[in-house]
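This is a predicted model, so every value here is computed, not measured.
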Amino acid sequence: MSKHIYIYSPSSAIRDKAAFRRGVARLKALGYEVEVDETALTVHQRFAGDDATRLAAIGRAAASGADIALIARGGYGLTRILDAIPYKAVAKAIGRGTEFVGLSDFTALQCALLAKTGAVTWAGPAVGEDFGAEGGADDIMEACFDDLASGQGEGTGWRMPVRDAGLKVRPVHGATLWGGNLCVLASLLGTPYFPAVEKGVLFIEDTNEHPYRIERMLDQLRMAGVLARQRAIVFGQFTGMRKVPGYDRGFGFDTVVDRLRATLKVPVLTGLPFGHVPTKVLLPVGAKVELAAEGRDVFMVWGHRHGDHDHDHGYAH
């Protein structure tokens, strides 16, 4: 039986309708049964419908009974409605087997849901920019998505950049994986929607942010005591970074990472294939993970879902 995917728009309006149509067509071609929410293409100001419309769409996604509820795109709009999201209904849907998947602005809903209910969601693709990519969808992303749909995904692995070859990382056991988009995450600090995760593995990514802005957001989390309470900080992909020519004078992403390492006792890993990039893995936000590194190779496993851990872990991709 083919897996049922429910597509809805909780954030920004879809600007690239061609990419959205390609994404829906690609999912169908992969054998999924695709249902598109009635307001997925609605436009109100910069949003996919006004706040009430988008809240209702989240409610329909939760009530859909789908195997996967997938966002059409990110953008901006979820932080505006965090006070009104039906968290219990969404958590119940997850308990019944609907996996909520998305990234970017979706970080707000993922963090709020984790803070309010402890429910696990997935950091992963969106319809338009991923499945509807002009040059075709990324193979690794599709394989990881298929792993989730078929219940096979048990972990991921990647190689850190050469400059991190000498990094020593103690293995981490049973730590909560959490995080997402750095800008969205920082904006939730001090609210009831910021997860109080102790001894977790925090992963972060962002796009179109200047290195000094990335550092400032990291410092906000560091000075609030969030970073020191983790077992590891994992950098995903930071894309579209713009340095000021002749002014930044060598101050760049590596500078930000090096300074963070100098100010934190917690290991800071880099190179996670996740963010606003075609090749992205799917990550269970709120799940317990094991993390180990050998040289440049990093392995992160979460075993079978719903806490059914066994010791025969396969490394996905």
Side-chain angles (χ1 to χ4, degrees), residues 99 101 103 107 110 114 120-125 130 138-182 195 197-205 227 229-239 253-254 257-258 260-261 264-317:
E99 307 287 9
V101 179
L103 80 164
T107 299
Q110 296 186 289
L114 182 58
V120 174
T121 56
W122 291 80
D130 291 306
D138 182 82
D139 292 345
I140 290 173
M141 180 278 292
E142 285 191 344
C144 292
F145 189 81
D146 179 64
D147 281 350
L148 170 62
S150 58
Q152 298 301 306
E154 294 188 359
T156 189
W158 72 95
R159 295 204 90 183
M160 288 192 288
V162 175
R163 72 187 292 270
D164 291 340
L167 201 64
K168 295 279 181 280
V169 183
R170 277 205 207 107
V172 174
H173 302 290
T176 300
L177 179 69
W178 69 297
N181 182 266
L182 177 60
V197 178
E198 302 281 329
K199 297 182 176 165
V201 171
L202 172 64
F203 74 95
I204 49 172
E205 60 82 23
L227 301 186
R229 291 200 294 269
Q230 307 310 312
R231 298 286 304 281
I233 314 294
V234 181
F235 277 78
Q237 304 302 303
F238 282 73
T239 51
F253 183 70
D254 289 347
V257 172
D258 290 344
L260 190 65
R261 284 177 173 153
L264 273 185
K265 290 192 173 83
V266 179
V268 176
L269 291 77
T270 58
L272 172 71
F274 185 78
H276 290 69
V277 286
T279 303
K280 59 169 71 74
V281 296
L282 274 78
L283 302 165
V285 176
K288 292 274 191 277
V289 298
E290 320 276 315
L291 179 76
E294 293 167 33
R296 285 167 57 201
D297 293 316
V298 186
F299 303 99
M300 185 157 64
V301 295
W302 44 84
H304 295 300
R305 281 173 292 156
H306 308 306
D308 178 23
H309 286 271
D310 67 11
H311 299 287
D312 184 27
H313 289 303
Y315 293 111
H317 320 300

Exceeds 12 heavy-atom contacts within 6.0 angstrom, atom [atom1] of [X]:
| X | atom1 | value |
| --- | --- | --- |
| Asp139 | CG | no |
| Arg229 | CZ | yes |
| Glu198 | CD | yes |

Once rounded to the nearest 0.5 Å, what's the spacing between atom [atom1] of [X] and atom [atom2] of [Y]?
| X | Y | atom1 | atom2 | answer |
| --- | --- | --- | --- | --- |
| Glu142 | Asp130 | CD | CG | 9.5 Å |
| Lys288 | Leu177 | NZ | CG | 10.5 Å |
| Phe299 | Glu294 | CZ | CD | 5.5 Å |
| Met141 | Lys280 | CE | NZ | 6.5 Å |
| Gln152 | Asp146 | CD | CG | 8.5 Å |

Got a donor-acceptor contact below 3.5 angstrom from the [X] side chain to the [Y] backbone?
| X | Y | answer |
| --- | --- | --- |
| Asp164 | Leu167 | no |
| Gln230 | Gly200 | yes |
| Gln237 | Leu272 | yes |
| Thr107 | Asn181 | yes |
| Arg231 | Val201 | no |
| Trp302 | Leu283 | no |

Which atoms form the tightest heavy-atom contact between [X] and [Y], and what is the distance?
| X | Y | value |
| --- | --- | --- |
| Gly271 | Trp158 | O-CD1, 3.2 Å |
| Phe274 | Gly124 | CE1-N, 3.6 Å |
| Val120 | Ala287 | CG2-N, 3.8 Å |
| Glu290 | His173 | OE1-ND1, 2.8 Å |
| Asp138 | Pro278 | CB-O, 3.2 Å |
| Leu282 | Cys144 | CD1-CB, 3.7 Å |

Student check: side-chain heavy atoms of [X] and [Y] closer than 4.5 Å:
| X | Y | result |
| --- | --- | --- |
| Leu227 | Ile233 | yes |
| Phe238 | Leu182 | yes |
| Val234 | Val298 | no |
| Thr270 | Pro161 | yes |
| Leu260 | Phe235 | yes |

